[in-house]
Amino acid sequence: MDHNGFFGNWGGAYIPEVLHQTFQELKEEYRKSRRDPAFWQEYISLMSTYSCRPTPLTYAENLTHHFGGAKIYIKREDLNHTGAHKANNVMGQGLLVKRMGKTRVIAETGAGQHGMATATMAAKFGLECTIYMGEEDVLRQRPNVFWMEKMGATVIPVKDGSRTLKDAINQAFRDWVTNVDNTHYVFGTACGPAPFPEMVSWFQSVIGNEAAEQIMKYHGKMPSHIYACVGGGSNAMGIFQRFLGEQGVELIGVEAGGHGADSGAHAIRLSSPDATPGVAQGYKTMFLQNDDGQMKHTHSVAAGLDYVGVSPILSDLWDKNQVRFESATDTEVMQALDLTMKKEGIIPALESSHAFAGAFKEVGQLAKDDAIIINQSGRGDKDIFTIAHAFEDPSWKEFIIDRAREYSK
Amino acid sequence: MDHNGFFGNWGGAYIPEVLHQTFQELKEEYRKSRRDPAFWQEYISLMSTYSCRPTPLTYAENLTHHFGGAKIYIKREDLNHTGAHKANNVMGQGLLVKRMGKTRVIAETGAGQHGMATATMAAKFGLECTIYMGEEDVLRQRPNVFWMEKMGATVIPVKDGSRTLKDAINQAFRDWVTNVDNTHYVFGTACGPAPFPEMVSWFQSVIGNEAAEQIMKYHGKMPSHIYACVGGGSNAMGIFQRFLGEQGVELIGVEAGGHGADSGAHAIRLSSPDATPGVAQGYKTMFLQNDDGQMKHTHSVAAGLDYVGVSPILSDLWDKNQVRFESATDTEVMQALDLTMKKEGIIPALESSHAFAGAFKEVGQLAKDDAIIINQSGRGDKDIFTIAHAFEDPSWKEFIIDRAREYSK
Amino acid sequence: MQLEQQLREQLRGKDILLMTHIVLGYPSFEVNREVIKQMVESGVDCIEMQIPFSEPMADGPVILKANQDSLAMGTRVDECFSFAAEITRQHNIPFLFMTYYNIIFKYGEEKFFEHAQECGITGLIVPDLPPEMGTSFLALAKSYQIAPILIFTPTSTDKRMRELEKYGNGFIYCVARRGVTGKKSSLDQEFNAYLQRCKNSTKLPLAVGFGIQSKEDIERLKGKADMAVIGSRTIQLVEAEGAEAVGQFIASLR
Amino acid sequence: MQLEQQLREQLRGKDILLMTHIVLGYPSFEVNREVIKQMVESGVDCIEMQIPFSEPMADGPVILKANQDSLAMGTRVDECFSFAAEITRQHNIPFLFMTYYNIIFKYGEEKFFEHAQECGITGLIVPDLPPEMGTSFLALAKSYQIAPILIFTPTSTDKRMRELEKYGNGFIYCVARRGVTGKKSSLDQEFNAYLQRCKNSTKLPLAVGFGIQSKEDIERLKGKADMAVIGSRTIQLVEAEGAEAVGQFIASLR
Ligand SMILES: Cc1ncc(COP(=O)(O)O)c(C=O)c1O
Ligand SMILES: Cc1ncc(COP(=O)(O)O)c(C=O)c1O
């Protein structure tokens with residue numbers, strides 16, 4: 001990151017002037033913390049006593065045999081407290097909030113995972129908490145809303161625009177400019193104005209640091225490929241960073257192919273020609289937008305990938321050919337999820353299932369004595385409403401209808 | 001355990017003759033494995049790469065301040081793969097199944113957690129899998145049924161008797177006596193015929209072993225009290241064992257008080273005079289039964305505690321005053337759950353919330369320089385249907401009704 | 001010894017004996033009474049009367065349901081004793097109790113034996129009480145002269161059979177196959193080999209049960225076993241056609 | 001310099017100037033035309049015309065909705081330019097564009113300035129472009145003689161104000177409070193102190209906006225600021241009472 005927050009051509013901090021001062025403070029606190037080994041120590045100790053770090057690296061023996069190619073290892077961010085890698089970022093920012101002396105946090109959320117994680121952190125750190133969530137996502141992920149409220153957070157459904165993640169981000173910014181004095185905006189992914197992309201990636205780097213040590217221990221050498229799904233890009237940055245520049249390690253980001261790259265209903269920013277450079281939500285990156293610069297509607301079966309932009313750091317790595325980008329369609333993703341459940345007894349989140357789908361397309365052709373790592377960013381059991389729905393499970397539908405009958409009385 | 005499987009007056013193996021041989025083999029394999037350090041090593045390595053062992057011990061700072069007594073630590077079995085301590089037992093038995101060369105597993109399940117864990121293990125180990133689940137529990141815990149099926153298991157709703165856990169156990173035995181040659185019955189708790197109570201407790205002992213090390217590290221001395229909920233007793237045995245005989249450590253098992261000890265609608269075996277000695281489901285213990293020896297209906301808001309019997313090992317420890325038993329009512333449990341979510345950002349399972357409720361009644365009176373451990377046997381987000389229902393959350397009801405409307409079209 | 005002698009006497013002049021099963025209080029003691037009458041009159045040699053239990057883990061769907069329904073209608077253990085006393089006075093064949101161990105345990109083992117003896121019961125079948133768990137039970141059986149019926153199964157090794165036989169009395173109950181009561185067993189070659197093993201392991205009469213349903217089944221057992229046990233089949237018959245149908249059915253088996 | 005001079009000229013003989021805000025294409029260009037006419041005739045001194053953007057992060061609900069509705073009806077950036085060209089020919093007050101940076105970036109910065117100049121636009125307000133991000137933007141503004149309007153806020157330190165002022169031109173837009181457009185601001189003592197700080201930091205005319213809604217608000221600003229900005233209020237008025245109501249409202253403010 002240069003002093004203006006850029007990574008190559010991407011990034012920056014396109015923020016309303018009212019936030020200038022708070023960003024100065026944030027950058028300063030971040031810089032100080034990053035230089036202070038005690039901070040990282042406190043962070044790691046928090047994550048290993050409150051969440052479950054280090055998360056395991058699981059050898060997926062059955063999937064490996066099924067595809068007959070390279071050995072498949074799964075980095076288990078699903079085992080984090082609250083069920084996803086989002087906890088890493090949130091707890092880190094929580095420590096910063098404490099240092100900055102702010103008393104309130106806000107966050108946007110798509111899948112609900114980041115909202116859950118933020119509400120959790122706020123409960124633990126005794127902070128007031130408001131979560132902005134696109135109305136459509138509130139509908140998709142009701143259970144998460146219930147839990148956030150139970151943990152004391154206020155969840156505000158955002159009814160503007162496409163009523164998804166990007167609109168929740170706008171709304172969170174509107175809150176922030178209003179309550180800037182006591183409020184920190186816990187950005188949920190490696191996007192947004194600097195220093196968020198770098199800072200979030202830093203907190204998430206714990207994933208790759210652990211994975212590198214683990215794969216050396218179990219496999220004796222570096223992996224040949226690492227797959228991660230890419231929504232905003234935080235879990236991908238989390239696992240990729242440590243391996244950037246490692247000889248022979250290819251990094252693959254898998255985007256949401258939705259109904260297909262040609263359908264217009266997807267969220268592919270880097271692996272299709274549909275996105276162009278733009279500036280929104282505080283940063284410059286590749287956006288899915290029309291010729292006038294108006295953002296397009298996106299689609300993915302995974303709420304957490306259903307987003308118009310992408311981490312400026314990933315755009316830069318894409319520019320420099322350091323990360324390859326692919327996509328997986330909704331259908332491919334459901335198949336990968338199904339196979340992973342049946343073969344390994346593991347339920348990846350729909351977001352994470354994109355990484356699995358991406359890997360499954362290639363792993364059969366890779367050398368048997370190589371290993372790949374799939375980053376399982378979260379667990380899927382939170383997605384019961386989406387997954388049971390997507391599989392069109394008849395007894396699930398019946399169950400819901402029965403329950404509703406009881407509630408309608 | 002004596003050679004007939006008794007702990008004091010309790011336990012034994014009251015099994016149909018057709019199972020005699022398979023129990024001989026099981027006992028032999030168990031004995032061999034227990035003597036073989038390589039087995040335990042394999043077990044620990046499995047649990048630390050597939051699940052998340054060691055699970056953290058979390059200092060609950062806010063709850064501690066709230067009650068103003070002893071320091072509260074939480075042992076985080078909720079962070080296990082599949083979300084509960086059940087994984088410990090199931091993975092251990094899975095390794096035994098492999099050694100015995102059986103190709104099929106069956107299990108009973110109440111809350112669904114043990115069924116989930118078994119289905120997961122079966123997927124990972126490539127075993128056929130059938131899960132018996134009381135029809136009432138199928139209704140309470142539909143999401144778990146969905147996931148079990150998705151992992152390739154067959155879930156059979158049991159419509160006999162009270163249609164809960166005990167009936168599922170009977171049905172599993174009926175399957176077992178029929179398919180004894182290729183099938184292992186993965187008993188889910190520290191009950192049933194010997195060697196299950198001891199064997200399950202052994203696999204669960206990993207909880208207490210870790211907790212002892214962790215509390216010494218964080219607190220510098222042994223805890224003064226340890227609280228665990230008691231359904232069948234496996235999570236309680238898991239954490240208690242290591243501390244039995246430790247000077248100054250009091251062990252407290254918290255049973256399901258349901259609508260209250262005097263209501264007749266509860267599952268209190270040891271901390272009320274409602275239970276009497278009996279023999280059922282293959283073992284001798286304190287059962288909730290009438291004067292003729294017919295089992296009574298039990299009630300708890302937590303499916304996993306809604307059971308007529310209790311571990312014979314716990315009955316023995318109760319006899320010997322080595323464990324104290326208390327109960328918590330449904331209402332107290334919901335309050336404890338609410339408080340824990342708001343103060344710590346942690347969602348205990350309804351079962352585990354009994355341990356929290358039990359601890360909350362006492363911790364305020366305990367010395368500030370002491371520490372207690374609450375065993376959080378599982379996570380509550382699986383219980384969304386029960387918890388949202390119990391809190392009578394209006395937007396949850398609305399959400400379900402909306403969904404049903406969509407499905408009814 | 002009582003029971004064994006009685007059976008051996010009945011065996012004179014018969015190819016094979018018949019034992020039937022009823023669940024007490026199901027569908028009612030009234031019907032039990034009528035069914036037993038018909039059974040005895042049609043030549044049944046021995047009847048096992050099941051005291052219902054809420055957790056009949058070794059029983060299949062038919063008997064399981066009978067247990068539950070009986071209990072749901074309020075059947076008590078004491079009623080089962082009174083009924084037995086009445087029945088054994090009326091009919092001159094051996095009557096056994098079949099039940100699960102908890103019924104006995106909860107009643108008090110000694111009291112149970114005492115009452116059973118008073119009621120004219122000559123044997124006890126307890127499917128969830130292997131001899132290892134029944135030390136006091138077996139001792140009481142001896143002193144009250146009530147035969148403890150032990151069970152051989154296809155999974156029993158020769159060694160196990162010899163061990164079981166040491167504790168057994170009256171007869172040995174060979175279950176025809178793995179599984180619970182009610183489903184048909186195929187009495188094939190493998191079964192014959194198993195039965196031969198049973199025979200080699202005991203001098204007691206051999207009863208074969210689990211899924212014996214027809215005259216054909218019984219024909220096959222002749223010469224190989226001493227007694228055939230009809231369980232679920234008559235319960236189903238009573239459910240479908242009423243108590244009156246039992247006599248004819250039993251007669252048709254001979 | 002153009003814009004600043006024009007404003008200073010207009011200030012002669014007036015206590016305070018009035019700037020108003022419209023969202024282009026909302027509810028239609030037709031209505032925009034009528035509203036502008038009424039504004040100019042009622043004595044508005046300057047108008048900022050917002051080119052709608054799909055992500056107007058600094059705007060409150062009223063202007064946010066106007067942006068979305070305008071886009072939903074198909075408003076294109078090129079239409080905004082044509083409309084501006086027409087309007088600036090008709091009316092002899094300064095017209096500014098207000099928009100978010102992506103509109104400019106995507107259009108091509110230089111092309112945007114070139115067309116803006118051709119269309120008679122004299123200033124640009126871009127709320128998400130701090131000067132650090134606008135190096136080329138500021139350079140182009142200079143060469144195309146279009147004033148880049150910089151923004152002071154209550155959170156701006158004196159140092160920051162001095163820095164912003166270096167890049168500013170035309171006037172400085174002081175936002176009256178933290179937050180987004182639309183909500184009422186209380187123009188209290190603290191506000192006065194802030195406004196004083198603003199005044200001390202720049203020689204440019206000061207415009208005050210965000211939540212200025214009434215004659216009373218404007219009275220309070222007299223002597224302290226050079227221009228009052230009416231934003232959401234007129235949009236709401238048009239929504240509620242139609243374009244005709246605007247003239248009277250503006251007149252009532254003076
Ligand atoms: C489980 C999971 N994985 C991935 C993502 C995508 O975010 P990112 O690309 O920042 O990792 C989300 C976002 O909500 C998520 O919940
Ligand atoms: C989370 C959880 N805790 C506790 C229990 C009770 O079982 P046990 O007493 O064997 O630990 C269950 C049973 O399903 C459970 O799911």
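Every chain is numbered from 1 and lettered A, B, ... according to where its sequence line falls, protein lines coming before strand lines.
- Chain D forms the most heavy-atom pairs under 4.5 Å with one residue out of A/Asp181, A/Asp167, A/Val180, A/Thr276, and that residue is A/Asp181.
- For the set D/Arg177, D/Gln68, D/Lys65, the count of heavy-atom pairs under 4.5 angstrom toward chain A peaks at D/Gln68.
- For the set D/Ile104, D/Leu64, D/Ile151, D/Ile51, the entry with the most heavy-atom pairs within less than 4.5 Å of chain A is D/Leu64.
- Neither the backbone nor the side chain of A/Pro193 comes within contact range of chain D, judged by heavy atoms closer than 4.5 Å.
- With contacts defined as side-chain heavy-atom distances shorter than 4.5 Å, the pair D/Ser156/A/His20 does not qualify.
- The backbone N or O of A/Gly293 sits less than 3.5 Å from a side-chain atom of D/Asn102, completing a donor-acceptor pair.
- Neither the backbone nor the side chain of D/Val175 comes within contact range of chain A, judged by heavy atoms closer than 4.5 Å.
- Between the side chain of D/Thr155 and the backbone N or O of A/Gln21 there is no donor-acceptor pair closer than 3.5 Å.
- Using a 4.5 Å cut-off between heavy atoms, D/Arg160 contacts chain A through its side chain alone, with no backbone atom that close.
- Taking every heavy atom of both residues into account, A/Gly12 and D/Met133 meet most closely at CA-SD, 3.8 Å.
- Contact count against chain A (heavy-atom pairs under 4.5 Å) is highest for D/Leu164 among D/Leu129, D/Leu164, D/Val126.
- Of the possible donor and acceptor atoms, one in the side chain of A/Gln294 sits under 3.5 Å from a partner among the backbone N and O of D/Ser54.
- Scanning all heavy atoms of the two residues, the minimum distance from D/Ile103 to A/Asp292 falls at CD1-O, 3.4 Å.
- For the options A/Leu19, A/Asn4, A/Val18, heavy-atom pairs under 4.5 Å to chain D are most numerous at A/Val18.
- Neither the backbone nor the side chain of A/Phe287 comes within contact range of chain D; no heavy atoms are under 4.5 Å apart.
- Heavy atoms from other residues, nucleotides or ligands lying under 6.0 Å from CD of D/Glu190 number 12 at most.
- Judged by distance alone, with hydrogens and angles left aside, the side-chain atoms of D/Asp128 form no donor-acceptor pair with the main-chain N or O of A/Ile15 at under 3.5 Å.
- In terms of non-hydrogen atom pairs under 4.5 Å with chain D, the most contact-rich of A/Ala280, A/Gly161, A/Gly282 is A/Gly161.
- In this structure, chain A has a heavy atom under 4.5 Å from the backbone of D/Thr75, while its side chain stays farther away.
- Here the closest heavy-atom approach between residue A/Asn170 and residue D/Glu55 is recorded as ND2-OE1, 2.8 Å.
- A 4.5 Å side-chain heavy-atom check between D/Arg178 and A/Asn179 finds every atom pair outside the cut-off.
- When side chains are defined from C-beta on, A/Asp291 counts as touching D/Arg76, because their heavy atoms get closer than 4.5 Å.
- Contact of D/Asn67 with chain A is not made at all, since no heavy-atom distance falls under 4.5 Å.
- The shortest distance between side-chain heavy atoms of D/Pro130 and A/Glu17 falls below 4.5 Å.
- Interface remark: A/Gln281 contributes backbone and side-chain atoms alike to the contact with chain D (heavy atom separation under 4.5 Å).
- Taking chain D as the reference chain and counting heavy-atom pairs below 4.5 Å, the highest number among A/Gln24, A/Lys284, A/His3, A/Gln171 is found for A/Lys284.
- The minimum heavy-atom distance between D/Lys106 and A/Asn290, with the atom names listed, is CE-O, 3.3 Å.
- For the options D/Pro131, D/Gly134, D/Pro56, heavy-atom pairs under 4.5 Å to chain A are most numerous at D/Pro56.
- A/Tyr14 pairs with exactly one of D/Tyr101, D/Phe137, D/Phe105 by the ring pair (Phe, Tyr, Trp, His ring centres under 6.0 Å) rule, that one being D/Tyr101.
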